[in-house]
Amino acid sequence: MPCVKLTILNGMADRDIAASMDASVNWGLTELDLKDSLFGKDVSELSDEEAEGVRDLARARGLHVTCLSSKLFQEDLEAGEDFFRARALGPLDRLLRTARVLEPTFVRLLPPRTLPRAKIPDGAAHLRDSHPWLVGLFREAVDRIAAAGFSATLENERGGCILAHPAEIRTFFGMVDRPGRLSLTWDAANMWQAGTLPDLAVYESLKPLIRYVHVKGGRADTKGGIWRSALSDSSWPVLEVVRRVVDDGVSPVICLNPSHGKRPQGFSDAGLVERDIQFLRENVPGIE
């Protein structure tokens, strides 16, 4: 029987990092995904002393860092190559200093955004034809992460993300051409909100790239809008997909993310993280 661990983005539990870690311990979690709310900073902004402080808090609680969830490369493509070199590659040395202290499994990067995304039929082709410099910068980031001894991961996003659909992601990975150095963090609900239902067929098409999976609740209405919900009330096939992910062993850790979208009347985030953790543990064999 596989044994898959759960984690959450640290800010979901508490804006104070020590209190967030305490909540993780109380929920029986042993892994951390560090994004923001780290002494008031994003993970790519930590000083050496702050990184050491996070490390000491985690060690005292027996917690391991699965991912440093940076926002690097999540900029508007139209800003151009020089802007990306400064904003995406510029902070990378600082992030890697933090990685050497916290020893994560993954260092996350995000795809760029583009304002006219709705008018672009193929995001990967658009990168190749209109912004060919992006692939070179991305390779450089992946190679620097690998040289520092870590594994880069790319997460699919929503809201103007240039890599929103399965075929675009597969093509981009081929363009970057860094097998073994770059993997996919598949956020199933982000893909759904970008227009593709994350069913088993989609999962199978991306499985060779996936090493980490994010899940979150969400419901669709008849007009195409998205509403916040618990995992148990979601419109996408949560259990069918997560059970296959666990059975295949592609993601030794699965990360819960906060639900996106409009807030239904009477909906409360209070207790939602614990409810989602319990839902997965009770309904997916192999989740710890």
Side-chain angles (χ1 to χ4, degrees), residues 9 69 71 73-74 76-77 106 108-131 134-135 138 153-176 182-248 250-251 254-262 276 280 284:
L9 296 178
S69 286
K71 301 174 186 176
F73 282 90
Q74 193 184 38
D76 292 332
L77 274 170
F106 300 112
R108 185 191 74 169
L109 306 173
L110 291 175
R113 300 173 298 219
T114 184
L115 298 177
R117 171 70 250 217
K119 300 178 181 179
I120 297 171
D122 185 330
H126 181 71
L127 286 176
R128 182 191 63 226
D129 297 338
S130 301
H131 306 279
L134 189 280
V135 170
F138 206 86
T153 185
L154 174 69
E155 179 185 351
N156 61 290
E157 268 289 352
R158 59 194 177 96
C161 177
I162 195 63
L163 302 174
H165 306 296
E168 295 172 341
I169 292 170
R170 293 193 303 269
T171 299
F172 182 74
F173 268 75
M175 292 161 62
V176 174
L182 176 66
S183 64
L184 175 64
T185 291
W186 184 47
D187 190 306
N190 278 357
M191 183 159 285
W192 173 48
Q193 289 183 263
T196 300
L197 180 70
D199 58 16
L200 288 180
V202 168
Y203 163 69
E204 290 291 340
S205 76
L206 293 170
K207 184 169 71 172
L209 305 175
I210 297 172
R211 296 295 178 269
Y212 192 29
V213 170
H214 285 188
V215 296
K216 62 172 71 80
R219 292 194 59 80
D221 64 23
T222 57
K223 298 180 181 179
I226 303 297
W227 296 82
R228 299 185 188 191
S229 82
L231 278 176
S232 58
D233 300 323
S234 294
S235 296
W236 66 279
V238 175
L239 292 179
E240 185 178 30
V241 170
V242 175
R243 285 169 180 158
R244 182 68 64 82
V245 168
V246 170
D247 288 345
D248 289 346
V250 300
S251 181
I254 292 175
C255 184
L256 287 167
N257 280 204
S259 182
H260 294 158
K262 297 174 285 187
D276 285 348
L280 291 177
V284 183

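For clarity, every value in this text was computed on a predicted model and none was experimentally measured. Residue numbers run from 1 in the order of the sequence given.
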J.: Would you tell me whether Ser205 and Arg170 have side-chain atoms, one donor and one acceptor, within less than 3.5 Å of each other?
T.: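 Short answer, yes.
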J.: Any side-chain heavy atom of Val245 within less than 4.5 Å of one from Ile254?
T.: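 Result yes, sub-4.5 Å side-chain heavy-atom pair found.
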J.: Where do Phe138 and Leu110 come nearest, in terms of heavy atoms and distance?
T.: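 Taking Phe138 first and Leu110 second, the nearest heavy atoms are CE1-O, 4.5 Å.
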J.: Quick check for you: to the nearest 0.5 Å, what is the distance between Leu231 atom CG and Leu239 atom CG?
T.: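 Going from CG on Leu231 over to CG on Leu239, the span is 8.5 Å.
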J.: Could you check Arg158, Lys262, Gln193 and say which one makes a side-chain contact (heavy atoms from CB on, under 4.5 Å) with Ile226?
T.: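 The residue from Arg158, Lys262, Gln193 that satisfies side-chain contact (heavy atoms from CB on, under 4.5 Å) with Ile226 turns out to be Gln193.
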J.: Would you compute the distance between atom CZ of Phe172 and atom CG of Leu184 and round it to the nearest 0.5 angstrom?
T.: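 One finds 11.5 Å between CZ of Phe172 and CG of Leu184.
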J.: As an exercise, state the distance from CZ of Arg128 to OG1 of Thr171, rounded to the nearest 0.5 Å.
T.: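 Reported value, rounded in 0.5 Å steps: 8.0 Å.
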J.: Thr196 side chain to Trp192 main-chain N or O, any donor-acceptor pair under 3.5 Å?
T.: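 Checked: no pair found.
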J.: Could you pull out all residues at least two apart from Arg219 that satisfy salt bridge (charged side-chain N to carboxylate O under 4.0 Å, His left out)?
T.: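 Testing Arg219 for salt bridge (charged side-chain N to carboxylate O under 4.0 Å, His left out), a comparison that skips the adjacent residues, returns none.
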J.: Would you call the rings of Phe106 and Tyr212 parallel, tilted or perpendicular, taking 30° and 60° as the class edges?
T.: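 Aromatic pair Phe106/Tyr212 classed parallel.
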J.: My understanding is that only residues two or more places apart in sequence, or in another chain, count here; which of them pass salt bridge (charged side-chain N to carboxylate O under 4.0 Å, His left out) with Glu204?
T.: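 Salt bridge (charged side-chain N to carboxylate O under 4.0 Å, His left out) check on Glu204 returns Lys207, Arg244.
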J.: Closest approach of Ser183 and Arg211, non-hydrogen atoms and distance?
T.: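 In terms of heavy atoms, the two residues are closest at CB-CG, 3.3 Å.
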J.: Check each of Val242, Val213, Ile210 against Tyr203 using the side-chain contact (heavy atoms from CB on, under 4.5 Å) test, and report the only one that passes.
T.: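 By the side-chain contact (heavy atoms from CB on, under 4.5 Å) criterion, Tyr203 pairs with just one of Val242, Val213, Ile210: Ile210.
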J.: Where is the tightest heavy-atom contact between Ser69 and Arg108, given as atom of each residue plus distance?
T.: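 Heavy atoms only, the tightest pair is O-NH2, 3.4 Å.
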J.: Any side-chain heavy atom of Ile162 sitting closer than 4.5 Å to one from His126?
T.: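 Heavy-atom side-chain distance check passes, below 4.5 Å.
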J.: Run Leu154 and Leu163 through side-chain contact (heavy atoms from CB on, under 4.5 Å) and show every step you take.
T.: CA-CA 10 Å; Leu154 174 69; Leu163 302 174; 4.0 Å; yes
J.: Using the test salt bridge (charged side-chain N to carboxylate O under 4.0 Å, His left out), find all partners of Asp76 that sit at least two apart in sequence or belong to another chain.
T.: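 Asp76 satisfies salt bridge (charged side-chain N to carboxylate O under 4.0 Å, His left out) with Arg113 only.
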J.: Does the Glu168 side chain pair with the main chain of Gly123, one donor and one acceptor, at a distance under 3.5 Å?
T.: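 Such a contact is found between Glu168 side chain and Gly123 backbone.
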J.: Does Asp248 use its side chain to pair, donor to acceptor, with the backbone of Val250 at less than 3.5 Å?
T.: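 Looks like no, no N/O pair under 3.5 Å.
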J.: Using modelled atom types and a 3.5 Å cut-off, is there a donor and acceptor pairing between side-chain atoms of Arg243 and backbone atoms of Val246?
T.: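 No; zero donor-acceptor contacts below 3.5 Å.
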J.: Would you check, one step at a time, whether the test side-chain hydrogen bond (donor to acceptor under 3.5 Å, both in side chains) holds for Thr153 with Thr185?
T.: CA-CA 6 Å; Thr153 185; Thr185 291; 2.6 Å; yes
J.: Determine, stepwise, if the pair His260 / Asn190 fulfils side-chain contact (heavy atoms from CB on, under 4.5 Å).
T.: CA-CA 9 Å; His260 294 158; Asn190 278 357; 3.7 Å; yes
J.: Within the structure provided, determine whether Leu209 and Trp186 are in side-chain contact (heavy-atom separation under 4.5 Å).
T.: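 Sidechains of Trp186 and Leu209: no contact.
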J.: What I'd like to find out is whether the side chain of Met191 reaches to under 4.5 Å of the side chain of Ile169, using heavy atoms alone.
T.: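 Yes. Closest side-chain heavy atoms under 4.5 Å.
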J.: Would you confirm whether Asn257, through its side chain, and Lys216, through its main-chain N or O, come within 3.5 Å as a donor-acceptor pair?
T.: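 Absent.
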J.: Identify the heavy atoms of Pro237 and Pro198 that sit nearest to each other, and give their distance.
T.: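 Answer, listing the atom of Pro237 first, then Pro198: CG-O, 3.8 Å.
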J.: Mark yes or no for whether Ser259, through its side chain, and Ser229, through its backbone, hold a donor-acceptor pair below 3.5 Å.
T.: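 Here the side-chain-to-backbone pair exists.
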J.: Strictly distance-based, threshold 3.5 Å: is any side-chain N or O of Ser234 a donor or acceptor partner for the main-chain N or O of Gly218?
T.: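 Present.
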J.: Decide yes or no for Trp236 and Val241: does some side-chain heavy atom of the first lie under 4.5 Å from some side-chain heavy atom of the second?
T.: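 Of all side-chain heavy-atom pairs linking Val241 with Trp236, at least one is under 4.5 Å.
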J.: Between Asn156 and Ala164 (side chain of the first, backbone of the second, donor and acceptor by atom type, cut-off under 3.5 Å), is there such a pair?
T.: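 Here the side-chain-to-backbone pair does not exist.
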J.: Considering only heavy atoms from C-beta outward, does the side chain of Leu9 approach that of Pro258 to under 4.5 Å?
T.: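 The answer is yes; the side chains approach within 4.5 Å.
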J.: When you look at Glu157 and Gln74, which way does the side-chain contact (heavy atoms from CB on, under 4.5 Å) test go after all the steps?
T.: CA-CA 9 Å; Glu157 268 289 352; Gln74 193 184 38; 3.9 Å; yes
